[in-house]
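Only this structure's heavy atoms are used, side chains among them; waters, hydrogens and symmetry mates stay out.
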Amino acid sequence: MRRLRDRLPTEARGRVELATYDETLRFNTVFIDGGLCIMQPYLQEARGVDAPTFVIERKPNSPGLFHVFRHAYDSLWERGKPA
């Protein structure tokens, strides 16, 4: 990922942040523009392409899965080490 970030145009590099953490992998999460979450669980016996992918939209002023996964992501990010 660092190599990919380093290949981006100079003005785009600052928009890609990477961190590592030393905890069990549970989900692959990507947040897009603060309103969309792409989440895929890690399944021990399945290849990545065989695991379901969830597209979760943020609903303002409404609890839901977006906020659950945002909280999980933010919690890990705070404990992570910049890469």
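- Contact between E57 and F66 at its shortest, heavy atoms only, is O-CB, 3.9 Å.
- The CZ atom of R7 lies 6.5 Å from the CZ atom of R3; values are rounded to the nearest 0.5 Å.
- We find the CZ-CH2 distance between R70 and W77 to be 10.0 Å, quoted to the nearest 0.5 Å.
- We find the CE-OG1 distance between M39 and T29 to be 9.0 Å, quoted to the nearest 0.5 Å.
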Which is it for D50 and L43 under the side chain to side chain contact (heavy atoms under 4.5 Å, CB included) test, yes or no, and what are the steps along the way? CA-CA 9 Å; D50 294 332; L43 303 176; over 6 Å; no
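- Proximity of a side-chain donor or acceptor of R5 to a complementary backbone N or O of R13 within less than 3.5 Å is not detected.
- The side chain to side chain donor-acceptor pair (under 3.5 Å) search around S75 returns R79, not counting sequence neighbours.
- When all heavy atoms are compared, the tightest approach of P41 to P52 is CD-O, 3.2 Å.
- Using a 4.0 Å cut-off between a side-chain N of Lys or Arg and a carboxylate O of Asp or Glu, R2 and D6 do not qualify as a salt bridge.
- Rounding to the nearest 0.5 Å places CZ of R58 at 14.5 Å from CD1 of I32.
- With F27 as reference, F69 is the one residue of Y42, F54, F69, Y73 to meet the ring-ring contact (aromatic ring centres under 6.0 Å, His included) rule.
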